[in-house]
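Inspection log for the structure reproduced underneath, given as structure tokens.
Numbers restart at 1 for each chain; the letters A, B, ... are given by sequence-line order, proteins then strands.
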Amino acid sequence: MKHFTKLAVAAVVAAITASASLAQELYTPNLAYRTGPFAATGIPLMNGQADYLNMLNARDGGIGGVPVNAEECETGYSTEKGVECYEKTKGTAIVTQPWSTGITLQVLPKTNVDEIPLLAPGYGFSPMMDGKTFQWAYNAPAGYWDAADMIIQYLESQGDLKGKKIVHLHLDHPFGKEPLPVLEALAEEKGFELVPIPVGLKEMQNQSAQWLQIRRERPDYVIMWGWGAMNAGAITEAVKTKFPMENFVGVWWSGHDADLAIAGQDAKGYKSISWSFPNADAPVMAAIKEHVVDKGNSKSNEEEMSGVFYGRGIIISAILAEGITAAQKHFETAEITAPQLRWGLENIDMSEARIKELGLEGMVPPFKTTCANHTGNSGGWMLEWDGEKFVKASELLTANTEGYASIVAEKAQEYADANQPWAVNGDCSE
Amino acid sequence: MLYRTAGQFKTSYEADQALFPVRQDAVLLWVILGFAWVVFPMVATEFAFQTLLIPVLIYSLAALGLNILTGYAGQLSLGTAAFMGVGAYACYKLITLMPWMNPIIAILLSGVFSAGVGVAFGIPSLRIKGFYLAIATLAAQFFLVWLFEKWAWLYNYNASGAIQVPNMEMFGVYIAGPQASSIVQYYVVLFIVCLLTMVCINLTRGTLGRTWKATRDMDIAAELIGINLMRSKLTAFAISSYIVGVAGALFVFMWRGAAEPNLFDIPLSFRILFIAIIGGLGSIMGNYLGAILIVGLPVVLNLLPNALGIPIDSAMVEHLNIMIVGSLIVFFLIVEPHGLAQLWRLIREKMILWPFPH
């Protein structure tokens, strides 16, 4: 036992000195999951993230002249490993990207004490929008409550929702329950009936019971908050029970090309709201091809690179890079620290012009973060599966954030109260 | 040589019945305790506390609880994680309903709730044995996790369905929640683990332990010599679930900081069962050895490539890790099916005879 622990201590010391000796870089670790039950969705996202930053390193020598070290720490989507990775990387990291809702919930209170920005684009805890309370947490460009609002808006544009019945098919997990407060409020306002149907983690692959219930309920629409194996399970089950696909809408994590490719033409008409879109003609794709893929430094492949999730990975890295650039400009130093990056992330201005300058045309809607709003509420497009790939099925939808501003404030306050003492951003005057 | 017991005379009954009658054992124990109480806290980093020291202790305690039931009383259980969950949720309710309560008292009290639930699910053991009992405890596992999901009162109607540990103070120091420092949490865990281990060593040596062992080895024979099987089995369930419940409360309050119901699902039960089996059933020390192998080793293996400067993907490290730990488990089980504790016992016997084995 003694030998073992000595070895352990020696290894820890060595690891810390090793990472401390590497100066002159921006350390932005990513708590990746290329293994485990969710690897199929994790790999394209991680490849997109890595390829974009590798491209910046190869083309521009990093950001502001300092190379980015986007080391991955493998979690396998397990909360336990996620916390291990967080502890391992937090020493020199300027940001943490927790990836799973479970890890986010665990790490969120810690980042407020350790003062490290937490970047959770499009996932995590929706009240993180309140930047005054959650000064270290960011879920730009859009949160789950935006998604719920936009989906309902889209469905409303197809016809009045009064008296209609909408099923909310969700993973029985914090992630799946997240949109419920907003959906309930909207149901009351618009006069439709909301039927939440949970899918247990053990039932993800076999949802026959849930779809039997859906058949019995005869809903007008089904909204899905699914992840991992649940998406493919739901889509195959919907095809089997002949549910009209055009009335089936998923959140952005339920829009993975590979899940739909299984059903192919049968899934035609399935929709997914998304704040990212894969644009093969965007200049950034050419740059990635030239600087990363052609040099053999990418783990991706042609098919994956044309998918929604790879494109989303690029956008996530681009948001991080924008935060870093903003901080570098403001503080006039290339090697920024974690608190400086915090300022940068709350002053991102992804304007139409800036998106063009970055070569991301058509891949992300414009958005802007402030110290009071950490989400940015970019809005999104309704994507539709045409049998082979996702295409845009709507103009840019924007969430009506005022509709649930009071819920954000209330939940954020609740969180802060439950975690007293909780440091809030008193300098923010907006 | 090192372990020579010649010349250690016992002159009183007290000395003969000491916890560690061999002097070298006692010295070794003091050295280990010295490391645990003084040396590790001085040298350990935040990372070592959070990923090695605290989890190894908590998992050891959970395995110890299971070992009382499975290793000593011979009742196979697959519901350990669910009983941990009962402890964790009970502690959460105690803390939120009575915020003035001392956190350590709350943690120790929460075990009482899981003991009650444990006894309830232990009642079938009076009629059924072996694999059939394992199935009955499996029912507890599924039922309780389902209950954690559905009974919103348990998580205070939180929208996300998860429980979050609030900041808790004791004598002006934060001991749980995000504000608490790792070293304080480590000492709280260490204190409780040491306390319960002491209790368990004594329990298993005493009347209760002997009744458990008799029940395990042959229940009919035990009944014939006048052991009340019902009492023996139900006390085993109660004490085992108490310890497992305390481990569950520590697991969430002193380490994880937040928990969702599926955390207490069957993989955690299996993990603890593996620790107990690989460490050695019917042994106290085995739980610690097992936890070091199953919980600590993967963390160290993950660090090695980086420490040695080998450039290797973190996903690849994870794959290698699973392969290495898996083959080590197979290796140890082939070399010593009775677990690491037995391995140590053999080494110790050899050392006592060395250098003149007969």
Side-chain angles (χ1 to χ4, degrees), chain A residues 1-2 4-5 7-16 18-19 32-36 39 43 46 71-76 79-81 83-88 90-91 101-102 105-106 108-110 112-113 125 172-175 177-178 180-181 198 200-202 411 415 418-422, chain B residues 31-32 35 39-40 43-53 55 96 142 146 149 156 158-162 164-167 177-179 182 255-263 265-266 288-289 292 296-300 302-304 306-309 313-319 321-322:
Chain A
M1 179 174 163
K2 270 189 293 172
F4 169 79
T5 7
L7 190 75
V9 170
V12 170
V13 170
I16 286 163
S19 50
Y33 55 105
R34 290 172 182 274
T35 64
I43 291 169
M46 302 310 148
E71 189 191 43
E72 286 180 2
C73 184
E74 180 64 33
T75 68
T79 314
E80 201 162 319
K81 291 247 173 60
V83 174
E84 180 188 322
C85 281
Y86 172 75
E87 293 294 340
K88 188 156 91 181
K90 78 177 184 190
T101 305
L105 279 176
Q106 207 107 328
L108 179 57
K110 293 189 186 189
N112 209 40
V113 178
F125 194 49
D172 203 359
H173 189 260
F175 151 70
K177 292 179 186 166
E178 226 11 271
L180 274 173
L201 284 169
K202 287 196 250 345
K411 296 280 174 193
Y415 188 93
N419 285 286
Q420 284 302 331
W422 181 263
Chain B
V31 171
I32 291 170
F35 265 88
V39 180
F40 291 159
V43 297
T45 58
E46 179 86 8
F47 175 75
F49 276 126
Q50 288 294 333
T51 64
L52 286 170
L53 298 172
T96 46
F142 290 133
W146 173 84
E149 263 166 34
N156 289 348
N158 187 337
S160 65
Q164 288 256 335
V165 177
N167 287 305
Q179 296 277 352
S182 296
W255 183 43
R256 305 289 294 252
E260 62 241 21
N262 65 298
L263 175 66
D265 218 337
I266 198 146
Y288 293 89
L289 299 178
I292 289 169
L297 187 64
V299 177
V300 177
N302 261 338
L303 291 175
L304 271 186
N306 210 344
L308 300 175
D313 256 11
S314 96
M316 182 60 114
V317 174
E318 193 56 37
H319 288 303
N321 210 333
I322 294 169

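Among A:Lys411, A:Lys88, A:Glu178, the residue making the largest number of heavy-atom pairs under 4.5 Å with chain B is A:Lys88. Interface remark: of the candidates A:Gly91, A:Ala418, A:Cys73, A:Pro181, A:Cys73 forms the most heavy-atom pairs closer than 4.5 Å to chain B. Of all the listed residues (B:Val39, B:Leu263, B:Asn167), the one sharing the greatest number of non-hydrogen pairs under 4.5 Å with chain A is B:Asn167. Counting heavy-atom pairs under 4.5 Å between each of A:Glu71, A:Glu84, A:Lys177 and chain B puts A:Glu84 at the top.
For a residue to count as touching a neighbouring chain, one of its non-hydrogen atoms must lie under 4.5 Å from one of that chain's; by this rule B:Asp265 touches chain A with the side chain only. For A:Glu80, the parts lying under 4.5 angstrom from a heavy atom of chain B are both the backbone and the side chain. Heavy-atom distances place no part of A:Leu180 under 4.5 Å from chain B, backbone and side chain included. Contact annotation for B:Val317: neither backbone nor side-chain heavy atoms come within less than 4.5 Å of a heavy atom of chain A. Within the 4.5 angstrom heavy-atom criterion, atoms from both the backbone and the side chain of A:Thr79 approach chain B. For B:Trp146, no part lies near chain A; criterion is any non-hydrogen pair under 4.5 Å. Looking at A:Pro198, the atoms closer than 4.5 Å to chain B (heavy atoms on both sides) all sit in the side chain, from C-beta outward.
Looking only at distances, no side-chain donor or acceptor of A:Glu87 sits under 3.5 Å from a matching main-chain atom of B:Thr51. At distances below 3.5 Å, at least one donor-acceptor pair connects side-chain atoms of A:Glu74 with backbone N or O atoms of A:Thr35. The backbone N or O of B:Pro298 sits less than 3.5 Å from a side-chain atom of B:Asn321, completing a donor-acceptor pair. Not a single donor-acceptor pair under 3.5 Å links the side chain of B:Glu260 to the backbone N or O of A:Pro174.
A pairwise comparison of heavy atoms in B:Glu149 and A:Asp172 identifies OE1-OD2, 3.1 Å as the closest pair. Between B:Trp255 and B:Pro55, the shortest heavy-atom contact is CZ2-CB, 3.6 Å.
Between B:Val299 and B:Phe47, the closest side-chain pair of non-hydrogen atoms falls below 4.5 Å.
Using the six-membered ring where Trp is involved, A:Tyr415 and A:Phe125 have ring planes that are tilted, between 30° and 60° apart.
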